[in-house]
Amino acid sequence: MADFIKRVGTNGKVSWQARVRRKGFPDMFKTFRTKVEAQKWAAVTESEMARHVFTDRSLAERTTLGDALEVYRDEVTVEKAGHQEGYVIKAWLKHPLAAPLP
């Protein structure tokens, strides 16, 4: 069953947190700008859980391009000969697309 919590930030912005809890699955929380968006996400998540096709995507949603590049550099590039790939990754890590999430 899903719960919806209205949140008001210090700047006065309103957001909605959806919380889906179902036995046998991890508790899922996600924040949205509107209640309608929160309700749609909760409905899809509950449906996936009911059909036993649910996949927890929270780690994937938190992973940035920079995180993925660092893991690749540390686990794959070190096994390769030469240094060129390391320089390319270093340049990409400076790009705004690789920046941490706000």
Side-chain angles (χ1 to χ4, degrees):
M1 178 163 180
D3 296 316
F4 304 98
I5 302 164
K6 185 177 183 178
R7 305 263 186 202
V8 180
T10 56
N11 58 359
K13 282 191 171 182
V14 175
S15 62
W16 288 86
Q17 183 184 51
R19 179 176 61 182
V20 176
R21 301 169 96 185
R22 189 174 177 115
K23 188 176 180 180
F25 294 94
D27 292 352
M28 299 300 299
F29 301 88
K30 194 163 181 179
T31 304
F32 299 89
R33 291 183 299 168
T34 66
K35 187 174 183 180
V36 172
E37 290 174 346
Q39 290 170 329
K40 287 180 183 179
W41 174 83
V44 168
T45 303
E46 287 178 327
S47 172
E48 289 176 352
M49 288 177 174
R51 293 180 289 130
H52 296 284
V53 295
F54 173 77
T55 302
D56 186 2
R57 296 179 281 279
S58 57
L59 177 61
E61 291 173 354
R62 288 191 312 264
T63 302
T64 64
L65 174 62
D67 296 336
L69 286 169
E70 288 173 354
V71 169
Y72 183 84
R73 178 194 63 205
D74 298 341
E75 295 179 7
V76 177
T77 302
V78 295
E79 301 293 329
K80 296 182 174 184
H83 302 283
Q84 184 174 359
E85 193 169 67
Y87 296 127
V88 173
I89 291 172
K90 186 176 180 181
W92 265 106
L93 287 172
K94 294 178 183 177
H95 196 280
L97 286 175
L101 297 172

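Starting from 1, each residue takes its place in the sequence as its number.
A single hydrophobic cluster is seen to contain both Val88 and Val76, as judged by linkage of ILVMFWY side chains at heavy-atom distances under 4.5 Å, directly or through other members. Hydrophobic clustering, with ILVMFWY side chains joined whenever heavy atoms are under 4.5 angstrom apart, keeps Val44 apart from Met49.
With contacts defined as side-chain heavy-atom distances shorter than 4.5 Å, the pair Arg73/Leu69 does not qualify. Side chains of Phe54 and Arg22 form no contact here, defined as non-hydrogen atoms less than 4.5 Å apart.
Residue Lys94 places its NZ atom among 12 or fewer non-hydrogen atoms of other residues, nucleotides or ligands, all under 6.0 Å distant.
In this structure Ala2 satisfies the side-chain contact (heavy atoms from CB on, under 4.5 Å) test together with Phe4, Val20, Ala42, Glu46, sequence neighbours excluded. With sequence neighbours excluded, the residues that form a salt bridge (Lys or Arg N to Asp or Glu O under 4.0 Å) with Glu61 are Lys30. Evaluation of the side-chain contact (heavy atoms from CB on, under 4.5 Å) rule for Phe29 yields Gln17, Arg19, Asp27 as partners, not counting sequence neighbours.
Going from atom OG1 of Thr77 over to atom OH of Tyr87 covers 12.5 Å, rounded to the nearest 0.5 Å. A distance of 11.0 Å separates CD of Gln84 from CD1 of Ile89, quoted to the nearest 0.5 Å. Taking CD of Glu37 as the reference point, atom NZ of Lys35 lies at 13.5 Å (rounded to 0.5 Å). Here the straight-line distance linking atom CD of Glu48 with atom CE of Met28 works out to 9.5 Å at 0.5 Å rounding. Between atom OG1 of residue Thr64 and atom CD of residue Glu70 there is a gap of 7.0 Å, rounded to the nearest 0.5 Å. Rounding to the nearest 0.5 angstrom, the gap separating the CH2 atom in Trp16 from the NZ atom in Lys6 is 5.5 Å.
Considering all non-hydrogen atoms of both residues, Leu93 and Gly66 come closest at CD2-O, 3.6 Å. Here the shortest heavy-atom pairing between Asp56 and Pro26 reads OD2-CG, 4.1 Å.
Put simply, the side chain of Ser47 never gets that close to the backbone of Ala43: no donor and acceptor are under 3.5 Å apart.
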